[in-house]
Amino acid sequence: MTHPGPPAPADPRVPAPPASVPPASVPPPASRCPAATPLYGPQLDGDRMPVLYEELRRAHGPVAPVTVAPGIDAWLVLGHRELLRLTREEQDFSHDPRRWSLLREGRVPADSPILPMVGWRPALLFADGQQHRRMRAAVSDALARINGHELRRSVRAAAEQLIASFARRREADLVPHYARKLPMQVITGLLGVDERTGQQLVQAIAGLAAANADSANASKRMGAILLALIEEKRRRPGNDVTSALCAHPAALTDEEVLHNLVVMFTAGNQTTVNWIATTLRILLCDPAFRSSLTGGHLSVDDALDLVLWRFPPTQNFPARYATRDVEFGGQPVRAGDMLILGLAAANQDPEILPADGSPVVGNRSHLAFGAGPHTCPAQDPARLITRTAVDTIRHRLPDMELAVDERDLAWIKSPWSKGLAALPVRFADPQLPPVHSASSQSGEPR
Ligand code: HEM
């Protein structure tokens with residue numbers, strides 16, 4: 001389905017951008033901190049990010065001044081201990097972007113690429129204290145009702161269909177053809193969205209994430225699709241996360257259900273895409289890991305953990321806002337300043353790494369899922385989706401190997417997401433179940 005559908009009617013439950021945002025034509029203000037390092041722009045090199053974090057740590061210590069978009073100053077929290085404090089002490093560090101001083105002063109241009117990520121919504125990710133706990137209870141309880149066996153079955157079925165669609169070619173780029181397709185398909189299923197609506201939703205979310213001139217329309221389309229879904233689930237509840245959210249004793253309004261669904265989509269999709277692709281990269285490229293797996297010393301779960309430590313799918317996460325002036329990691333943080341969770345840098349903090357640099361097997365004290373009251377509530381289903389995706393393709397394409405030199409694999413140019421741009425593989429002898437090998441003969445794209 002490629003048609004975006006008719007323009008959605010405005011709905012009062014889908015909020016407009018904050019009134020304090022100036023028009024897009026207003027030039028962005030200059031950074032207030034001359035020492036701030038830009039985390040954006042054409043010079044950003046996805047492969048160099050770990051080096052950049054160590055340079056920042058050496059120059060500034062555990063909290064470093066950065067700019068995350070033109071004129072948008074923030075603090076990047078690189079220290080493991082400091083990141084634990086940032087995530088745990090919400091009386092000092094709020095989730096609510098309405099406290100952000102640059103926004104309150106009207107200094108964030110309406111077309112700033114940071115806005116779609118941090119604009120306030122009535123959802124758990126942007127709330128503190130009681131309000132957060134209320135929405136968090138609904139989301140966590142709804143996620144806890146997911147049946148692991150059914151989820152595994154549906155991931156495996158979707159994975160096998162995708163593999164069948166490219167198996168005859170004996171080669172594939174596993175990022176666009178596998179990792180990028182699977183999580184969205186599975187997450188829409190979990191939320192109780194039918195396939196056709198799911199595809200419309202995927203397009204609307206992609207339009208929103210593109211942060212361009214069509215993003216406002218994409219946001220309206222997404223709002224209209226989700227509202228129709230919520231009305232349907234209130235009328236006829238099913239066995240899905242949306243129905244559980246609607247029926248939860250926390251009594252979320254339609255608007256709250258809608259925006260919490262948006263957070264689940266946006267927080268769950270790209271992260272899981274990255275986790276799948278990076279784990280496959282390790283299994284394909286790391287000879288020690290490959291032989292350990294066949295020899296039974298290390299499991300796929302160990303590979304999943306290694307990714308969370310070394311290449312966390314979200315390398316930096318926006319944001320928290322200081323509620324008061326505070327000295328933090330040796331820096332003079334002011335009330336209203338934005339702080340970014342440096343998840344990848346904190347995982348590599350020399351203060352917590354083993355002295356011999358050995359891989360951290362069996363230890364899950366990494367910060368890939370955040371920490372504190374907002375720690376990712378979907379860790380179990382996300383792991384199950386990723387493990388099943390990785391297991392299924394390993395078993396269906398047992399002789400799969402990398403089709404390019406490992407040095408040609410590049411990370412995407414993003415300060416936020418840690419994902420591979422491509423993962424080309426080839427294989428000679430796919431082991432498909434009979435039903436899929438039959439359908440792949442007729443339905444395979446050329
Ligand atoms: C099915 C997939 C997933 C879903 C539905 C999901 C959902 C969510 C939600 C709703 C939140 C907000 C929690 C709150 O504010 O209380 C969240 C936060 C977060 N999630 Fe996930 N997530 C998924 C997968 C992942 C994966 C694979 C990763 C990375 C390994 C991840 C990393 C995070 C991080 C870093 C946060 C922010 C924590 C913070 O602000 O302190 N998530 N996720």
Side-chain angles (χ1 to χ4, degrees), residues 1-11 13-14 142-143 145-147 150-166 175-210 214-247 254-255 257-270 272-273 276 378 381 385 388-389 392 435-436 438-440 442-446:
M1 158 83 197
T2 51
H3 303 293
D11 188 294
R13 289 167 291 186
V14 182
L143 290 169
R145 288 171 49 149
I146 293 172
N147 179 314
E150 278 171 26
L151 178 58
R152 190 175 300 113
R153 233 191 334 266
S154 83
V155 179
R156 197 177 299 137
E160 288 187 339
Q161 226 170 31
L162 288 173
I163 296 164
S165 76
F166 57 68
V175 172
H177 298 134
Y178 191 67
R180 211 178 278 153
K181 287 195 171 152
L182 193 55
M184 187 52 90
Q185 221 167 307
V186 173
I187 294 172
T188 47
L190 281 178
L191 299 187
V193 180
D194 66 53
E195 205 171 312
R196 195 172 140 273
T197 315
Q199 284 170 358
Q200 292 172 339
L201 203 51
V202 169
Q203 284 179 353
I205 291 172
L208 186 70
D214 189 47
S215 294
N217 278 334
S219 170
K220 281 189 202 148
R221 284 200 301 277
M222 182 182 69
I225 295 168
L226 289 176
L227 277 181
L229 174 72
I230 292 162
E231 277 155 22
E232 161 76 12
K233 298 297 176 188
R234 290 220 193 264
R235 254 197 329 271
R236 277 190 294 150
N239 184 18
D240 53 65
V241 170
T242 309
S243 300
L245 272 184
C246 289
D254 283 359
E255 189 189 16
V257 175
L258 187 158
H259 288 287
N260 282 295
L261 288 177
V262 174
V263 168
M264 281 198 250
F265 270 117
T266 46
N269 181 45
Q270 188 62 45
T272 313
V273 171
I276 294 171
I385 295 168
T388 309
T392 306
V435 58
H436 286 129
S439 64
S440 72
S442 54
E444 188 178 351
R446 275 156 217 288

Do you know the tightest heavy-atom contact between A244 and A142?
CB-CB, 3.7 Å
Using the test side chain to side chain contact (heavy atoms under 4.5 Å, CB included), find all partners of T388 that sit at least two apart in sequence or belong to another chain.
R152, V155, R156, L384, T392
When you compare the side chain of K220 with that of N217, does any pair of heavy atoms fall below 4.5 Å?
yes
Taking all atoms of both residues into account, what is the closest heavy-atom pair of A204 and A218, and its distance?
O-CB, 3.4 Å
What residues form a side chain to side chain contact (heavy atoms under 4.5 Å, CB included) with R234, not counting sequence neighbours?
I230, C246, D254, V257
So, using side chain to side chain contact (heavy atoms under 4.5 Å, CB included) as the criterion, who are the partners of T266 when residues are at least two apart?
I205, V262
Residues in salt bridge (Lys or Arg N to Asp or Glu O under 4.0 Å) with K233, at least two apart?
D240
With a 4.5 Å cut-off on side-chain heavy atoms, are L229 and L261 touching?
yes
Sequence neighbours excluded, the answer for side-chain hydrogen bond (donor to acceptor under 3.5 Å, both in side chains) partners of Q185 is none
Nearest-0.5 Å distance that lies between atom CD in Q199 and atom CE in M184
11.5 Å
Quick one: pull up CE in M222 and CD1 in I225 and give me the separation to the nearest 0.5 Å.
9.0 Å
Set of side chain to side chain contact (heavy atoms under 4.5 Å, CB included) partners for I146, sequence neighbours left out:
L143, L151, L190, V241, P381
Show me the side-chain donor-acceptor pairs of residues 176-183 shorter than 3.5 Å, one per line, residues at least two apart or across chains.
{"residue": "H177", "atom": "ND1", "partner": "D173", "partner atom": "O", "Å": "3.4"}
{"residue": "Y178", "atom": "OH", "partner": "A389", "partner atom": "O", "Å": "2.7"}

With a 4.5 Å limit on heavy-atom distance, are the side chains of L226 and L201 in contact?
yes
According to side-chain hydrogen bond (donor to acceptor under 3.5 Å, both in side chains), who are the partners of D194, at least two apart in sequence or on a separate chain?
T197
